[in-house]
Each structure stands twice: as C-alpha cells, then as structure tokens.
Amino acid sequence: MSFAVRDPATGEVLDEVFDAGPDDGIAALDAAVAAQEAWAATPPKERADVLRRAREGMLARIEEFALLITREMGKPLAESRAEVNYAADFLQWFAEEAVRISGEYRMSPGGDFRIVTTRQPVGPCLLISPWNFPLAMIARKVGPALAAGCTAVVKPAEDTPLSCLLLAEVLTGAGLPPGVLTVLPTSRPAPLVERLLADPRLRKLSFTGSTQVGRTLLAQAAGNVLRTSMELGGNAPFLVFADADLDAAIDGALLAKLRNGGQSCVAANRFLVEEAVAEEFAARLADRMSRVRLAPGTDPGAELGPMINSRQLDRVARLVDDAVARGARVLTGGQASGPFFPATVLADVPGSALIHQEEIFGPVAPISVFKGEESALALANDTPFGLVAYLYTGDLGRAVRVSERLEAGMVGLNRGLVSNAAAPFGGVKASGLGREGGFEGISEYLSTKYLALGLT
Ligand code: SIN
C-alpha cells in the first residue's frame, strides 16, 4: 500500500510513499529493540560522529533538501534553506552533547556511603513530527535520541514525509547501524501509534503537534507509564508597550507572525498594543503586511507560500470571518485566493473572538488595545496555553516584571524569534511537557540511575 504526497501550491503528486500500518510499526519496534543494547554501548564519540557526518551530508545537499521541503510543505525556498540550517544545528548541538553526558559522585549526608549517579538512555522511542517544519522538528528529536543512545521509530506527518525519509537516507550514509532508526510514513497514524504506545518495549514518546492530539497520546502513553515530551499548541501574545522602539516592534511582529507563513506554534497569535501607540502600530504593520508577496514557494520572489491544505485554509478563513462578524476591521488581506491566504491584519478585535482563543496557524495578525501593565498581563495570560510570549518595551524594570509574570515557557524580549538549537524550547500549561534543544534537550532521552556505594 502507498499514499500520495502532494505539492500544496499546485496539488501535483510529488511522490507515492509506503503507507505503514500497525504491523509495520511493530516490525520497526522489533528492530529498534534489537538494536538498542548495541547502540547504547556504542562509545559516545562514535554516536557523535554519526550525527556530525549526517549534518555535513545534509548541508552538502542543502538545495535538494530545501526544494523537497518547499515542494511538500509550501514555504518559500529561502525559508526552506533556513530550515535545513536549523535542522543541521540540532545535529551539531546534540553531537556535541553526546560526549558530555555525565553523572555525580557525592557523599551521603551521614557520610556512611556515597551517592553515585549515571545517566542511561531511556530505550526505544517513538518520535512523531509535524508538517510545518518537516525536517527541523524531526532533527530536534532524532539528534538527542541518537546522541543519548536511544533507538527510534519515527512517524512523520502525513502531508510531509519526504524530507524525513531523505534525512533517514543521510543518517544511513553517515554510518547509522541498521535498526537504530526506522521512518514509518503513514496515512492512518492513529492505529499505528496506538499499537506502538500499547507495546511495553517502547519507553519514550516525543510528540510535536496539537494539544488536542497530545492529550489523546498522553492518555495512551499512561498505560505503560511512558516518558513523554509534548510540544503542543500555543496562543502567543505579542505585547507592545508605548515606550517600545516601534521600528523594532514592527520588524519583530513581521518575523513572529510571518515566519513559516504563520504556520508555527510560536507564531504571534494575539497582538496586544498599548493605547497610545495602537493606531500607529496597526497602520504600519498593515502597510508592511500588504506588501508581502504571495506565490508558490518555488517562485524566487515568494515571501509567503500556500497553506498546507484546505483544512488549514478553511480554519484560518473561519477565524477571520468570526472576528469580522464580531466587529473587527480588516486593514489588509482577509480573503483566501486558491490555496493561499494573504498576510492579514485585523484591528479592534474583541476579546470574545475565536481568533483570540484558538491557535491561528496562518498569516493573520489580530490587534487589540490595552491600557497599562496589569491589563496587558491579564490579557496575555488569559489562555490555557503557555508556549511563548513576545514583549516589546524600552523600560528595563517593566521588561523584568512582565517577563517574570508572563505564563509562558519562553519569552522573546524585544525579539521576534526565540528558536535556536542551543536554547530550551517548550511550554507550560496546555502547551506541553519537557524541553527540546539546549542543555535540557538530551535529558529527555536519559534516565538517572542511582548507585548507593557502600564503603565496606
Ligand atoms: C513549531 O512550530 O512547532 C516550532 C517552531 C520552531 O522551532 O521555531
């Protein structure tokens, strides 16, 4: 059985890929279990070397990777190249981390024995990656899993399995032993994933996707008390105080909104602007957004590509229509055209609008006004999500006060981009559990073993 992968800009079939079912999942887990002991025992430097060679192999084929990402996901080629570099950074970062896995030796409080800790790989993992960054998000999981000494079964998103398959090819070319990593594209993820989560040999789940699916997976993972890392939905506030550098805030807003066409869990979802500068901010943002060039990602002039599929397009259109029906004003954009949704700015968006409650995952910037710090914080935190928040202010005291009280795992302070392989990415509240990247990222794939060392 196979399924078709389509170009979201044209609907053209790019490739037919193997359509894995639950039995294929178990076969991949068999292979991961069989390879686990030897991979865990492989010297860290050798594991690191595989990741390093894979990084080089990926960068040597950057144009091929970038074109594949653009063809299957739709983003402009320049953004796809940036994604390949972002993915390569994860492989490099975790190659460097592989050789730094450490433990502790300390005296017990009574001095009668020693407390020794080591860190061991958790074991075979299931890594589930999303369609929006089809290469970088899987590199962010595969990098630490392999560096820690874990084997893995990877399930890429149905819309975008091709870049992940190419990554597996590069890893194999870099010397990854058979069975350590298997990619399972599937058009029917639910039964395959459920079957794997029910198998007690699986020891870890890492998922990036919606909070709704994350909750279902967490419930399934509870059966075998699995280690989980959950990178779920966001509803990022983007706060602009009247004392902010407005030029920087506009640049930051464009980046936080339009990176990846707004199809990102860290995309700014609610622009909250202090009354004194709200009108100017809205007019300037609308002017810049109205000049964003919409075209297929393969067009060299494209700044914004198509939406990934009609489901996402309809969802964005529904959120815009709902906001307008509740009194929001469209300053630019607002109407889909074929598979594209233009960069859109909405002003006077009331708090009751669905667009304030749901993750937009599209290039729409809804703006609302606040008066003073307390009201800004109350609005910003009025959501079950807590992935990232952005804050623009020129006042150092306010920057510290507000950053500390924002309920988010990450804060962009006078900066519209937080993502970096060296930084801990992750949320609080319904945005997830655990961290990816940074020093924290590899810990998600390690478990601490304590040895009570007697002295006699
Ligand atoms: C995401 O949208 O899932 C993550 C994006 C990022 O790493 O910046």
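Remember, it's 1-based here, ligands and their atoms both numbered in the order they're listed. Along the sequence shown, residues are numbered consecutively beginning with 1. The figures here come from the full heavy-atom set of this structure, side chains too, leaving out hydrogens, waters and symmetry mates.
Remark: R215 pairs with T211, A430 by the side-chain contact (heavy atoms from CB on, under 4.5 Å) rule, at least two apart or across chains.
Evaluation of the side chain to side chain donor-acceptor pair (under 3.5 Å) test over residues 342-352, restricted to residues two or more places apart or in two chains, returns R329-D348. Pairs passing the ring-ring contact (aromatic ring centres under 6.0 Å, His included) check and including a residue from residues 65-93, sequence neighbours excluded, read Y86-F90, W93-F439.
Aromatic rings from F271 and F370 are positioned such that their centres are separated by 6.0 Å or more.
Using modelled atom types and a 3.5 Å distance limit, the side chains of Q36 and T151 yield a donor-acceptor pair.
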As a test of reading the model: which N/O atoms of the protein lie under 3.5 Å from N/O atoms of ligand 1, and at what distance?
| from | atom 1 | to | atom 2 | distance (Å) |
| --- | --- | --- | --- | --- |
| ligand 1 | 2 (O) | N132 | ND2 | 3.0 |
| ligand 1 | 2 (O) | S264 | OG | 2.9 |
| ligand 1 | 2 (O) | C265 | N | 2.9 |
| ligand 1 | 3 (O) | E231 | OE2 | 3.4 |
| ligand 1 | 7 (O) | Y86 | OH | 2.7 |
| ligand 1 | 7 (O) | R140 | NH1 | 2.9 |
| ligand 1 | 8 (O) | R259 | NH1 | 2.9 |
| ligand 1 | 8 (O) | R259 | NH2 | 2.9 |
| ligand 1 | 8 (O) | S419 | OG | 2.4 |

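A cation-pi arrangement, defined by a distance under 6.0 Å to the six-membered ring centre and an angle within 45 degrees of its axis, is absent between K141 and Y445.
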